[in-house]
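In what follows, a single structure is set out as structure tokens and then discussed.
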Protein chains: 2
Amino acid sequence: MLNRHTTSEHAAGRRPTMRDIAREVGVSQSLVSIVFRDAPGASDETRQKVLETADRLGYVRNESARSLRSTRSTSIGVAFQTRQPFHGELLDGLYAATADLPNRLVLSAVSDFRDEAAAIRSLVSYRCGALVLLGPRLSEDEILRLSSGIPVVSVARRCSSPNVDWVVSDDFQGMSLALDHLTSLGHRRIVYLSAPISPGGRERQHAFEDAAESHRLDTEVTIRTSGMTEQDGAEAATALLGEGALPSAVIAFNDRCALGLLDVLVRHGIRVPDELSVIGFDDSEIASRTPISMTSVRQDPTSLAQFAVERALQRLAATGPANTPRGTILPTSLTVRSTTGPAPR
Amino acid sequence: MLNRHTTSEHAAGRRPTMRDIAREVGVSQSLVSIVFRDAPGASDETRQKVLETADRLGYVRNESARSLRSTRSTSIGVAFQTRQPFHGELLDGLYAATADLPNRLVLSAVSDFRDEAAAIRSLVSYRCGALVLLGPRLSEDEILRLSSGIPVVSVARRCSSPNVDWVVSDDFQGMSLALDHLTSLGHRRIVYLSAPISPGGRERQHAFEDAAESHRLDTEVTIRTSGMTEQDGAEAATALLGEGALPSAVIAFNDRCALGLLDVLVRHGIRVPDELSVIGFDDSEIASRTPISMTSVRQDPTSLAQFAVERALQRLAATGPANTPRGTILPTSLTVRSTTGPAPR
DNA sequence: CTGAAAGCGCTTACAG
DNA sequence: CTGAAAGCGCTTACAG
């Protein structure tokens, strides 16, 4: 219906093009393009007239045509996971970091029904100039093969290839904060729930081990294999409960794992933090969205996103040979809430 | 680096095109196009040779060129909110419903730094053939203006315009289930936390009122203005606690609101469900991801998404005048967990 | 089954 | 500041 009521002279059902606007205003199509690219070469008066007419005709620039004709792509492709609340926060950060560069981001989701390879291929098919991958799980070789020459920035996962930039939080410093907090409360028997097959899982476990060593806790801490989901945390809790003697504190790979753990503990009448302290990792919004709000190592999604965009834009702008790739490690902080307290006697 | 090592004869740094593949295989470019569109007109042998060569050259079809040249768009644009976990579940459902139609979905996020109008405009600029809007907040007039003739399917919000399809859960039936459950447990003094300015907020309140009336609870229920976030739920809890006499049960507009409510209640030592029962709405994953897992009215994201895709595909396929638009109302179920129990004496 | 040609709506380079 | 022309990589219609 609507498009039959436009005031322009173009045929019903056809979207207006730059040519339509040019005809209406009485200028060339190139000039309309100049106005929309915000390029030099049009008077303020013309510029305004073009924009007004475009608005009146309901014109929206055809992104496919722009992208196809442009010599250099300036869009940043983002692959994120639908089931990671933290990725939602990172997306927010990416939009904040590109607020003055509208429509720079092209999104591609990873879900149970769409694997990471498909997500990356889609971004390549849109000819993004750089890729930002949130918590990628594929091997670096796979990532490099799929991105086929497009610069890649990995967020929340360290990479070893010289062809991939990465931005991560400082796990060692985060674990040190967590252990500072726990030891100051008198905890010594501490369990870490590791997620060895998750992206960044091994690195975080090593960070815990290093932090435990520097806190002279080597012989008192235990590492147990768990995972990145509530289910993994719940299973770990069941296992711990089955063994009789609980540790005095647990640090989980992430908030989701910690929540699953807390769920089972509370169901079994364990008082948190009186009998057991729990620390999560991420400080995603879910950490505070729980009846027993959780102490967590905070990763700052805004900063992670900002650095990722910065790196991607650098790669987009780079003309000559690629400049030296580099990793960025950002500090974490500890958000103390109500799942940590003095160690039981 | 990578693109300098391809085995093809095309220049370094340039992505291969259909023309490159055609030259390599010794066929015309049109034939390569036929193969990639899976159109009739190529022998199985040729087809295989083309696909093999494409794979070897690292060819990925240019989506911009495809979209620009195609006469009819077949892509579905999806606008979702970064901070709604339920939208992540709906996205999963959309991918499931289009699993056999790869790359049909184009995503556009709504976040604090990107309003809904920008999100829709972006989908229009990619020339999507239909739009699926998750929980849109804009007025219908605005939606119609921005979509400028592209068919729209609204998910989780009812629309009155004859030009917009919609798929929603049956709030009345959901509220009836919740009240069935509560009254069978002996509850009478029930508070509903409404989110009047949220998408679908007024409809859900009316559904509660109607369900309360049909349960003959008119004079015993109370409606209080709250909202869609944990913060809103927390404020409602504080207000309730300040008034002395608690109701025996609370139904919240959504799970997030219910979680904020539970948070404050638990902090104040209120035992749930012994002293107060709580029911959320959505049964999003967060409902089960909390130490006190929550009773909630379940909206099925898989079905919502499936019907939305079905409707969008119908609109894409429609050639003549638009067929009659229609709303779809899907049933809900009640997931009983541990925040509901017998009414206190 | 195959190929040559036109053209989608833009950006770009160039001549005024 | 302005306009005519070329062409990005595909799909489409058409002639063999």
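Below, each value reflects all heavy atoms present in this structure, side chains not excepted, and no hydrogens, waters or symmetry copies.
- A salt bridge links D38(A) and R47(A); the closest N-O separation between the charged side-chain nitrogens and carboxylate oxygens is under 4.0 Å.
- Remark: DNA chain C forms stems of 3 or more consecutive Watson-Crick or G-U wobble pairs, all pair distances under 3.5 Å, at C:1-3 with D:14-16, C:5-12 with D:5-12, C:14-16 with D:1-3.
- Separating the CG atom of D20(B) from the P atom of dC10(D) is a distance of 9 Å, rounded to the nearest angstrom.
- A donor-acceptor pair under 3.5 Å is formed between the side chain of E140(B) and the backbone N or O of S161(B).
- If you check every strand for non-hydrogen atoms under 4.0 Å, T46(B) touches sugar and phosphate atoms only.
- Rounded to whole Å, the distance from CZ on R127(B) to P on dG9(C) is 8 Å.
- Sorted by first and then second residue, the ring-ring contact (aromatic ring centres under 6.0 Å, His included) pairs involving residues 61-92 of chain A (not counting sequence neighbours) are F80(A)-F80(B).
- Scanning for side chain to side chain donor-acceptor pair (under 3.5 Å) contacts around R158(A) gives an empty result, with sequence neighbours left out.
- Nucleotide dC10(D) holds its P atom 16 Å from the CG atom of N62(A), rounded to whole Å.
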Pair E310(B)-V167(B), side chain to side chain contact (heavy atoms under 4.5 Å, CB included): steps then yes or no: CA-CA 11 Å; E310(B) 229 163 73; V167(B) 186; over 6 Å; no
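- In this entry the distance linking CZ of R15(B) with C1' of dC10(D) reads 15 Å, nearest Å.
- Under 4.0 angstrom from either OP1 or OP2 of dG9(C) there lies no side-chain N or O belonging to Y126(B).
- Residues passing the side chain to side chain contact (heavy atoms under 4.5 Å, CB included) test with S303(A) are D300(A), L330(A), sequence neighbours excluded.
- Checking G26(B) against S70(B), the closest nucleotide of DNA chain C that is more toward the 5' end is the one next to G26(B).
- Following rounding to the nearest Å, E63(A) (CD) and dC8(D) (P) show an atom-to-atom distance of 19 Å.
- Shown for residues 32-43 of chain A: residues whose heavy atoms fall under 4.0 angstrom of DNA chain D, namely G41(A), A42(A), S43(A).
- Rounding to whole angstrom units, CZ of residue R69(A) and P of dC10(D) are separated by 15 Å.
- Looking at heavy-atom distances under 4.0 Å, L31(B) makes contact with sugar-phosphate atoms alone, never a base.
- The 5' end of DNA chain C is approached more closely, in terms of each residue's nearest nucleotide, by S30(B) than by the other of S30(A) and S30(B).
- Computed from coordinates, the R61(B) CZ to dG9(D) C1' distance equals 11 Å when rounded to whole Å.
- To the nearest 0.5 Å, atoms CG (L131(A)) and OG (S154(A)) are separated by 11.5 Å.
- At the phosphate of dG9(C), neither OP1 nor OP2 sits under 4.0 Å from any side-chain N or O atom of T17(A).
- Between E52(A) and K49(A), none of the side-chain N atoms (NZ, or NE/NH1/NH2) sits under 4.0 Å from a carboxylate O, so this pair counts as no salt bridge.
- For M18(A) and dA4(D), the CE to P distance is 17 Å, given to the nearest whole Å.
- Listed by chain and number, the residues in a salt bridge (Lys or Arg N to Asp or Glu O under 4.0 Å) with R61(A) amount to none (sequence neighbours excluded).
- No contact: S67(B) has no heavy atom under 4.0 Å from any strand.
- For T71(B), the side-chain atoms get nearest to dT12(D) when compared with the rest of dG7(C), dG9(C), dT12(D).
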Derivation of the side chain to side chain contact (heavy atoms under 4.5 Å, CB included) call for R66(A) and R37(A): CA-CA 10 Å; R66(A) 194 200 64 70; R37(A) 280 178 287 130; 6.0 Å; no
